[in-house]
**Q** 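Quick one: this structure, given as structure tokens, is what I'll be asking you about.
Order of listing sets the numbers, starting from 1, for every ligand and every atom in it. Keep in mind that the numbers below use all heavy atoms, side chains included, and drop hydrogens, waters and symmetry copies.
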Amino acid sequence: HNRVNSFLVCFLAVTCGCICECLDPLNATQCLPSVLIIGVRKGGTRALIEMLSLHSDVVAAQNEVHFFDWDSHYQQGLGWYASQMPPALPGQLTVEKSPAYFTSSKVPERVRHMNPGVRLLLIVRDPVERVLSDYTQVFHNHLQKRKRPRPLEALLLRAGEVNAAYKAVNRSIYHEHMRRWLATFPRTSFHLVDGDALIREPLAEMQGVERFLGLRPQISTNNFYFNRTKGFYCLRQHGHERCLHESKGRAHPRLPPDVLQKLRDFFHEPNRKFFQLVGRAFDWD
Ligand SMILES: *[C@@H]1O[C@H](CO)[C@@H](O)[C@H](O)[C@H]1NC(C)=O
Ligand SMILES: *[C@@H]1O[C@H](CO)[C@@H](O)[C@H](O)[C@H]1NC(C)=O
Ligand SMILES: *[C@@H]1O[C@H](CO)[C@@H](O)[C@H](O)[C@H]1NC(C)=O
């Protein structure tokens with residue numbers, strides 16, 4: 001009887017547009033995500049998914065699956081994608097995050113093909129800070145691979161002007177990427193999270209996410225405590241405390257003030273366009 005029930009769950013899930021793989025023939029199933037954190041890279045996606053996981057009605061994939069942006073994964077099909085998800089109980093939301101989804105042009109249509117009703121979370125932060133953080137990550141990756149990192153200024157400027165073709169700059173031109181997503185999904189499919197505010201005041205941002213996802217309010221002040229040494233909030237759940245990985249708090253490179261100003265000036269217009277597109281302003285200029 002239970003077996004029949006769980007197959008029924010799977011069957012219903014398939015007909016409603018979300019494949020579930022039966023794990024345990026009773027009730028634990030691996031379902032396709034109904035919520036995706038699509039980006040942005042270095043915007044705070046790890047913090048967001050960890051904080052969302054504090055909610056008991058949420059299960060999150062541990063790794064970035066890169067299903068929609070890597071052809072080698074996409075070709076393995078939705079059944080494979082579901083098999084990468086943690087087991088979920090009926091009523092729990094499955095969430096996956098791969099920040100490269102936001103900037104990869106073939107992704108929106110592929111996501112829509114999986115489920116046009118999927119809910120999309122986009123966490124953004126000051127695009128200039130994001131460029132510096134993006135560069136810092138690549139810099140450390142190169143050091144680890146014993147490759148010589150290129151200096152930021154050489155990447156950032158071409159003939160004295162900001163180089164929009166430099167990937168870290170391109171990824172921060174949010175309106176270009178968002179326009180592509182909005183050609184595929186209505187604005188109501190998206191919830192924007194302010195990554196700078198998430199660091200300062202995690203609770204308020206997470207309550208906004210709970211409302212958007214229709215989750216009962218559960219995340220509370222008790223889930224956060226400020227670590228003075230680190231200078232940011234750590235998480236507490238069922239008496240366990242954990243802070244995000246060290247690399248998340250790495251120092252940014254120093255740029256000469258005139259180059260930094262050039263970068264700020266460069267983003268002024270793209271930022272206006274993004275605010276207009278999403279109908280919301282953020283406190284970056
Ligand atoms: C369903 O799974 C939960 C947790 O995995 C377990 O506690 C429960 O007993 C299971 N229900 C049935 C009917 O097996
Ligand atoms: C940013 O990159 C995308 C491809 O990922 C490209 O289509 C677009 O033209 C680039 N924008 C700029 C300003 O270089
Ligand atoms: C606070 O951060 C420091 C430095 O990373 C760490 O050693 C310490 O364990 C943290 N304390 C708590 C209570 O999380």
Side-chain angles (χ1 to χ4, degrees), residues 38-47 50-51 53-54 64 66-71 74 98-111 120 122 124 127-128 130-131 133-138 140 150 152 154-185 198-200 202-203 220-252 262-278 284:
I38 58 173
V40 301
R41 178 180 147 100
K42 307 311 292 175
T45 56
R46 174 53 60 192
E50 299 264 339
M51 290 179 190
S53 303
L54 293 167
E64 296 177 3
H66 287 280
F67 177 67
F68 299 104
D69 60 319
W70 290 1
D71 289 343
Y74 191 67
S98 293
Y101 291 164
F102 182 59
T103 53
S104 173
S105 58
K106 51 195 158 192
V107 170
E109 193 47 47
R110 287 177 172 184
V111 173
L120 304 164
L122 175 67
V124 288
V128 172
R130 204 215 62 80
V131 169
S133 185
D134 197 330
Y135 171 79
T136 305
Q137 173 157 337
V138 175
H140 283 273
R150 291 184 64 191
L152 176 56
L155 295 162
L156 210 50
L157 299 181
R158 181 169 287 176
E161 296 303 318
V162 171
N163 177 15
Y166 170 40
K167 280 205 170 96
V169 171
N170 184 308
R171 292 189 193 108
S172 272
I173 308 177
Y174 299 149
H175 76 95
E176 280 192 9
H177 305 289
M178 192 64 191
R179 222 174 281 285
R180 239 174 335 110
W181 279 91
L182 285 171
T184 310
F185 288 95
L198 188 74
I199 301 302
R200 287 193 310 267
L203 183 58
S220 76
T221 49
N222 295 332
N223 289 124
F224 305 102
Y225 68 95
F226 195 75
N227 183 323
R228 277 178 206 285
T229 323
K230 284 184 179 289
F232 52 75
Y233 281 91
C234 300
L235 311 184
R236 187 191 288 127
Q237 188 181 27
H238 312 311
H240 294 286
E241 297 181 339
R242 72 206 148 90
C243 297
L244 298 173
H245 193 266
E246 283 301 332
S247 68
K248 300 299 174 185
R250 271 192 297 237
H252 284 171
K262 252 188 192 157
L263 200 53
R264 294 218 169 276
D265 292 345
F266 174 85
F267 278 108
H268 189 75
E269 212 34 52
N271 289 349
R272 301 296 120 199
K273 288 183 177 160
F274 180 67
F275 298 163
Q276 198 168 33
L277 194 62
V278 298
W284 349 296

**Q** Partners of Y174 by ring-ring contact (aromatic ring centres under 6.0 Å, His included), sequence neighbours excluded?
**A** F274, W284
**Q** Could you list the atoms of ligand 2 found under 4.0 angstrom from a heavy atom of N170?
**A** 1 (C), 2 (O), 3 (C), 8 (C), 10 (C), 11 (N), 12 (C), 14 (O)
**Q** Show which atoms of ligand 3 fall inside a sub-4.0 Å distance from at least one heavy-atom site of C243.
**A** 14 (O)
**Q** As a test of the contact definition, would atom 2 (O) of ligand 2 count as having a protein heavy-atom neighbour under 4.0 Å?
**A**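 Protein heavy atom within 4.0 Å of atom 2 (O) of ligand 2: present.
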**Q** Starting from atom 5 (O) of ligand 2, find the nearest protein heavy-atom neighbour and note its residue, name and distance.
**A** T103 O, 4.0 Å
**Q** Near R179 CZ, under 6.0 Å, is it more than 12 heavy atoms from other residues, nucleotides or ligands?
**A** yes
**Q** Tell me, yes or no, whether the heavy-atom count around E109 atom CD, taken from other residues, nucleotides or ligands under 6.0 Å, exceeds 12.
**A** yes
**Q** May I ask you to check whether T229 has an N/O atom sitting below 3.5 Å from an N/O atom of ligand 3?
**A**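 Between T229 and ligand 3 (N or O atoms, distance only) the closest approach is not under 3.5 Å.
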**Q** Counting from 1, what ligand 2 atoms have a heavy atom of E176 closer than 4.0 Å?
**A** 8 (C), 10 (C), 11 (N), 13 (C)
**Q** Identify the residue among W181, W70, F67, F68 that makes a ring-ring contact (aromatic ring centres under 6.0 Å, His included) with Y101.
**A**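 For Y101, the ring-ring contact (aromatic ring centres under 6.0 Å, His included) test succeeds with only one of W181, W70, F67, F68, which is F68.
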**Q** For A164, take its heavy atoms, then give the atoms of ligand 2 lying under 4.0 Å from any of them.
**A**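 Going through ligand 2 atom by atom, the ones under 4.0 Å from A164 are 12 (C), 13 (C), 14 (O).
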**Q** What closest approach, in Å, do F266 and A164 show between heavy atoms, and which atom pair accounts for it?
**A** CZ-CB, 4.0 Å
**Q** Looking only at distances, can you tell me whether any N or O atom of N227, backbone or side chain, sits closer than 3.5 Å to an N or O atom of ligand 3?
**A** yes
**Q** Between the side chain of K273 and the main-chain N/O of I173, is any donor-acceptor distance below 3.5 Å?
**A** no
